[in-house]
Enquirer: 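Structure provided below as structure tokens; questions to follow.
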Amino acid sequence: MAETKSLAVVGGGQMGSGIAQLGAMHGLHVWLLDTDSAALSRATKSISSSLQRFVSKGQLSQAARTEALKRLKCTSNIEDLRSADFVVEAIVESEDVKKKLFIELDKITKSSAILASNTSSISITRLATATSRPRQVIGMHFMNPPPVMKLVEIIRGADTSDETYHATKALAERFRKTVICSQDYSGFIVNRILMPMINEAFITLYTGVATKEDIDTGMKLGTNHPMGPLELADFIGLDVCLSIMRVLHTGLGDSKYAPCPLLVQYVDAGRVGRKCGIGVYDYR
Ligand code: CAA
Ligand code: NAD
């Protein structure tokens, strides 16, 4: 199994920027690609300040921070990903959009490259069918924020090879993450359990059982969650939460996964959470 030396991350939003940071911190040469140049500017700022937090806590030297930043390059040109050993896709949670990207990545990257998706819920088996190398397609699901959260969930598609699985696990372990492995069914392990809880918190709010503050305080102080479910939904992005609920609903075929109408309405109104300044809460 060849060691991964260069990483490409596609999508420079909250997840892609954090994954690119992990690569650069752990000695890989990293290309971070986004079609939106403003997203790349935001990503560079957030990576720089996140690395500084590790320096302030004595977990990273200033020299290592500088070296990590030197290893990271941003681009909007997919041709720059030609030499990557390992690609992690972290673009919008849409099967159609991801498949189009996988078709392009399959054409451009070297034939030995592994194509991983950070999808929260979408079938890896189906994404793999967009490529000529389904044995080298895998789910590598980081948690938000990737530099801090200790878990990576690995999802093998129907055709993912053992070699691809072992290379992905080795990369996650190089990032000092604990790995869990899921079968390829909608939502995998974490979101199959987390998203219905978040959706239920919206239903609790929608049906007037309690205020948003009491729902969040209940789960924070009552069950020791670091964030309440509505606060967490704003942190993840309500658009991402809704996309995941729709995948669970369609993929598992049970009405218990129907997205709460209030969640749908917030997304329709563009209230997608912290990233736009307003979601369940107003951050402006
Ligand atoms: N980079 C570096 N360090 C960071 C950071 C970042 N981006 N964000 C937070 N930190 C560090 C802080 O420096 C701090 O470190 P110390 O405790 O050593 O001082 C620590 O993390 C806590 O940060 P803060 O004090 O600033 O804030 P906080 O206590 O509110 O913690 C949090 C922030 C880590 C995000 C915490 O609130 C938390 O764990 N929330 C829940 C997150 C969660 O559940 N994530 C999973 C979402 S589901 C998912 O990701 C899957 C999906 O597909 C949707
Ligand atoms: P985000 O909206 O913050 O970022 C997505 C980025 O992808 C944007 O900057 C956008 O410009 C870029 N993009 C869209 N289409 C592109 C394309 N074709 N080529 C290049 N760049 C493109 O989203 P996010 O929250 O970082 O989520 C990204 C992925 O990670 C999704 O699949 C999501 O389900 C998954 N995920 C999200 C979280 C979370 O908490 N937000 C956690 C784990 C996994």
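Just so you know, residue 1 is the first one in the sequence shown, and it goes up from there. Order of appearance sets the numbers: ligands from 1, and atoms from 1 within every ligand.
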Enquirer: Among all the protein's heavy atoms, is there at least one whose distance to atom 20 (C) of ligand 1 comes out below 4.0 Å?
Expert: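 Within 4.0 Å: no protein heavy atom nearby.
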Enquirer: So which bit of I236 gets within less than 4.0 Å of ligand 1, heavy atoms only: side chain, backbone, both or neither?
Expert: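 It is the side chain that touches ligand 1; the backbone stays farther off.
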Enquirer: How long is the span from the CZ atom in R71 to the NE2 atom in H29, to the nearest 0.5 Å?
Expert: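 R71 CZ to H29 NE2: 7.0 Å, rounded to 0.5 Å.
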Enquirer: Who's the nearest protein heavy-atom neighbour of atom 52 (C) of ligand 1, and how far?
Expert: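 Among all protein heavy atoms, the one nearest atom 52 (C) of ligand 1 is N191 ND2, 3.4 Å.
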Enquirer: Identify, for atom 46 (C) of ligand 1, the protein heavy atom at the shortest distance, and state residue, atom and that distance.
Expert: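 The protein heavy atom lying closest is N144 O, 3.5 Å.
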Enquirer: Return yes or no for this condition: an N or O of Q59 is under 3.5 Å from an N or O of ligand 1.
Expert: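 In this structure, Q59 places no N or O atom under 3.5 Å from an N or O of ligand 1.
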Enquirer: Would you check the N or O atoms of L101, main chain and side chain alike, for any that come under 3.5 Å of an N or O of ligand 2?
Expert: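 No, since none of the N or O atoms of L101 sits under 3.5 Å from an N or O of ligand 2.
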Enquirer: Do I124 and R156 touch side chain to side chain, with heavy atoms closer than 4.5 Å?
Expert: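 No, too far: nothing below the 4.5 Å cut-off.
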Enquirer: How far is atom 32 (C) of ligand 1 from its nearest protein heavy atom, and which residue and atom name does that atom have?
Expert: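 The closest one turns out to be M227 CE, 4.7 Å.
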Enquirer: For T164 and R133, run side-chain hydrogen bond (donor to acceptor under 3.5 Å, both in side chains): C-alpha distance rounded to whole Å, both residues' side-chain angles, the deciding distance at 0.1 Å, then the answer.
Expert: CA-CA 11 Å; T164 299; R133 56 180 106 177; over 6 Å; no
Enquirer: Show the numbers, then the answer: is there a side chain to side chain contact (heavy atoms under 4.5 Å, CB included) between H141 and N191?
Expert: CA-CA 10 Å; H141 183 209; N191 283 320; 3.3 Å; yes
Enquirer: Hey, what do you get for CZ (F202) to CD1 (I198), rounding to the nearest 0.5 Å?
Expert: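 Spacing of CZ (F202) from CD1 (I198) equals 8.0 Å.
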Enquirer: For atom 48 (S) of ligand 1, state whether the nearest protein heavy atom is under 4.0 Å away.
Expert: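 Neighbour list for atom 48 (S) of ligand 1 includes protein heavy atoms (cut-off 4.0 Å).
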Enquirer: Between ligand 2 and G237, can you find any atom pair, the residue atom being a heavy atom, that is separated by under 4.0 Å?
Expert: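 The answer is no, since G237 has no heavy atom less than 4.0 Å from ligand 2.
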Enquirer: Measure the distance from atom 44 (O) of ligand 1 to every protein heavy atom, then report the residue, atom name and distance (to 0.1 Å) of the closest one.
Expert: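 That would be L232 CD1, 3.6 Å.
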Enquirer: Using a strict 4.0 Å cut-off to heavy atoms of D36, name the atoms of ligand 2 that fall inside it.
Expert: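 Counting atoms of ligand 2 from 1, those under 4.0 Å from D36 are 11 (O).
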Enquirer: Has ligand 2 got any nitrogen or oxygen that is less than 3.5 angstrom from a nitrogen or oxygen of D239?
Expert: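 No.
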Enquirer: Counting only heavy atoms, which portion of V240 has something under 4.0 Å from ligand 1: side chain, backbone, both, or neither?
Expert: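 None of V240 does.
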Enquirer: Could you grab the distance from atom CG of L28 to atom NZ of K5, nearest 0.5 Å is fine?
Expert: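 Answer for the CG-NZ pair, L28 versus K5, is 10.5 Å.
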Enquirer: Answer yes or no: does atom NZ of K110 have more than 12 heavy-atom neighbours from other residues, nucleotides or ligands under 6.0 Å?
Expert: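 Yes, enclosed.
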Enquirer: Would you mind listing which atoms of ligand 1 come within a distance below 4.0 Å of any non-hydrogen atom of L194?
Expert: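 Within the 4.0 Å cut-off of L194, ligand 1 contributes 48 (S).
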Enquirer: Within the 4.5 Å heavy-atom criterion, are T160 and T168 side-chain neighbours or not?
Expert: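 Contact flag for T160/T168 side chains = no.
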Enquirer: List ligand 2 atoms under 4.0 Å from S120, heavy atoms only on the residue side.
Expert: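 Taking each heavy atom of S120 in turn, ligand 2 has 33 (C), 34 (O), 35 (C), 36 (N), 37 (C), 43 (C), 44 (C) under 4.0 Å.
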Enquirer: Would you indicate whether the side-chain heavy atoms of S117 and I122 approach each other to under 4.5 Å?
Expert: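 Contact flag for I122/S117 side chains = no.
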Enquirer: Please determine if H141 has a nitrogen or oxygen closer than 3.5 Å to a nitrogen or oxygen of ligand 2.
Expert: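 In this structure, H141 places no N or O atom under 3.5 Å from an N or O of ligand 2.
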Enquirer: Can you tell which part of V190 has a heavy atom less than 4.0 Å from ligand 1: side chain, backbone, both or neither?
Expert: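 Neither; no heavy atom under 4.0 Å.
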Enquirer: Under 4.0 Å from a heavy atom of E93: which atoms of ligand 2 are those, numbered in the order shown and with their elements?
Expert: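 What qualifies from ligand 2 is 31 (C), 32 (O), 33 (C), 34 (O).
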Enquirer: Give the single entry among S56, P226, S120 that approaches atom 41 (C) of ligand 1 most closely by any heavy atom.
Expert: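 It is P226 that holds the nearest heavy atom.
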Enquirer: Any N or O on F142 sitting closer than 3.5 Å to an N or O of ligand 2?
Expert: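 N/O-N/O distance below 3.5 Å does not exist for this pair.
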Enquirer: Given side chains that start at C-beta, do those of R176 and H26 come closer than 4.5 Å, heavy atoms only?
Expert: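 Yes, side chains in contact.
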Enquirer: Give the contacting part of H225 toward ligand 1: side chain, backbone, both or neither, where contact means a heavy-atom distance below 4.0 Å.
Expert: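 For H225, no heavy atom sits under 4.0 Å from ligand 1.
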Enquirer: Any N/O of K98 closer than 3.5 Å to an N/O of ligand 2?
Expert: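 N/O-N/O distance under 3.5 Å: yes.
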Enquirer: Please write down residue, atom name and distance for the protein heavy atom closest to atom 17 (O) of ligand 1.
Expert: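 Atom 17 (O) of ligand 1 sits closest to the protein heavy atom K57 NZ, 5.0 Å.
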Enquirer: Got a protein heavy atom sitting under 4.0 Å from atom 23 (O) of ligand 1?
Expert: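 Within 4.0 Å: yes, protein heavy atom nearby.
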Enquirer: For the pair R192 and S121, evaluate side-chain hydrogen bond (donor to acceptor under 3.5 Å, both in side chains) and give the outcome as yes or no after the intermediate values.
Expert: CA-CA 8 Å; R192 178 144 182 180; S121 58; over 6 Å; no
Enquirer: Among N118, L60, V148, I47, which one has a heavy atom closest to atom 3 (N) of ligand 1?
Expert: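 Looking at heavy atoms only, V148 sits closest to atom 3 (N) of ligand 1.
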Enquirer: Under 4.0 Å from atom 10 (N) of ligand 1, can you find at least one protein heavy atom?
Expert: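 So atom 10 (N) of ligand 1 has protein heavy-atom neighbours under 4.0 Å.
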Enquirer: What atoms of ligand 1 come within less than 4.0 Å of a heavy atom belonging to F54?
Expert: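 Contacts of ligand 1 toward F54, numbered from 1: 2 (C).
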Enquirer: Flag Q21 as yes when one of its N or O atoms lies below 3.5 Å from any N or O atom of ligand 1, and as no otherwise.
Expert: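 No; every N/O pair is 3.5 Å or more apart.
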Enquirer: Please state which protein non-hydrogen atom is closest to atom 35 (C) of ligand 1 and give its distance, to 0.1 Å?
Expert: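 Protein heavy atom at minimum distance: P145 CD, 3.8 Å.
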Enquirer: Taking 4.0 Å as the limit for heavy-atom contacts, which would you say applies to M143 with ligand 1: side chain only, backbone only, both, or neither?
Expert: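 The part of M143 near ligand 1 is both the backbone and the side chain.
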Enquirer: Measuring to protein heavy atoms, does anything land under 4.0 Å from atom 30 (O) of ligand 1?
Expert: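 No; the ligand atom in question lacks any protein heavy-atom contact below 4.0 Å.
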Enquirer: Quick check on contacts: which atoms of ligand 1 are under 4.0 angstrom from a heavy atom of S50?
Expert: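 Matching atoms, with element in brackets: 1 (N), 2 (C), 6 (C), 7 (N).
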Enquirer: For ligand 2, which atoms sit closer than 4.0 Å to a heavy atom of L33?
Expert: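 Numbered from 1, ligand 2 contributes 20 (C).
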Enquirer: Starting at OG of S37, measure out to CZ of R42 and round the result to the nearest 0.5 Å.
Expert: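 S37 atom OG to R42 atom CZ measures 9.5 Å (nearest 0.5 Å).
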Enquirer: What is the distance from atom SG of C181 to atom CD1 of I189, rounded to the nearest 0.5 Å?
Expert: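 One gets 7.5 Å once the value is rounded to the nearest 0.5 Å.
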Enquirer: So is E89 in contact with ligand 2, going by heavy-atom distances below 4.0 Å?
Expert: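 Under 4.0 Å: no for E89.
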Enquirer: List the steps, then state whether side-chain hydrogen bond (donor to acceptor under 3.5 Å, both in side chains) holds for T119 with E93.
Expert: CA-CA 6 Å; T119 178; E93 186 73 349; 2.9 Å; yes
Enquirer: Counting heavy atoms only, name the option from E231, Q52, R53 that's nearest to atom 12 (C) of ligand 1.
Expert: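 Heavy atom nearest to atom 12 (C) of ligand 1 belongs to R53.
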Enquirer: What about I91: any of its N or O atoms under 3.5 Å from an N or O on ligand 2?
Expert: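 N/O-N/O distance under 3.5 Å: yes.
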Enquirer: At under 4.0 Å between heavy atoms, is it the side chain or the backbone of I122 that contacts ligand 2, or both, or neither?
Expert: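 No part of I122 is near ligand 2 at this cut-off.
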Enquirer: Should the pair K212 and Y281 be classed as cation-pi, given the thresholds of under 6.0 Å to the six-membered ring centre and 45° from the axis?
Expert: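 Yes, K212 lies over the aromatic ring of Y281.
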Enquirer: So, taking the atom named OG1 in T131 and the one named CG in L101, what distance separates them when rounded to the nearest 0.5 Å?
Expert: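 Here the rounded value is 11.5 Å.
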Enquirer: Does Y206 have more than 12 heavy atoms from other residues, nucleotides or ligands lying within 6.0 Å of its OH?
Expert: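 Not buried by this count: 12 neighbours or fewer within 6.0 Å.
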Enquirer: Looking at L205 and T211, what are the two nearest heavy atoms and their distance?
Expert: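 Heavy atoms only, the tightest pair is CD1-C, 4.1 Å.
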Enquirer: Which of the atoms in ligand 2, numbered in the order shown and given with their element, are less than 4.0 Å from a heavy-atom of T35?
Expert: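 Those of ligand 2 that fall under 4.0 Å from T35 are 16 (C), 19 (N), 20 (C), 21 (N), 22 (C).
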Enquirer: For ligand 2, which atoms, with element, lie under 4.0 Å from some heavy atom of A39?
Expert: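 Selected atoms, number and element: 9 (O).
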Enquirer: Counting from 1, what ligand 2 atoms have a heavy atom of K275 closer than 4.0 Å?
Expert: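 With K275 as reference, the close atoms of ligand 2 come out as 2 (O).
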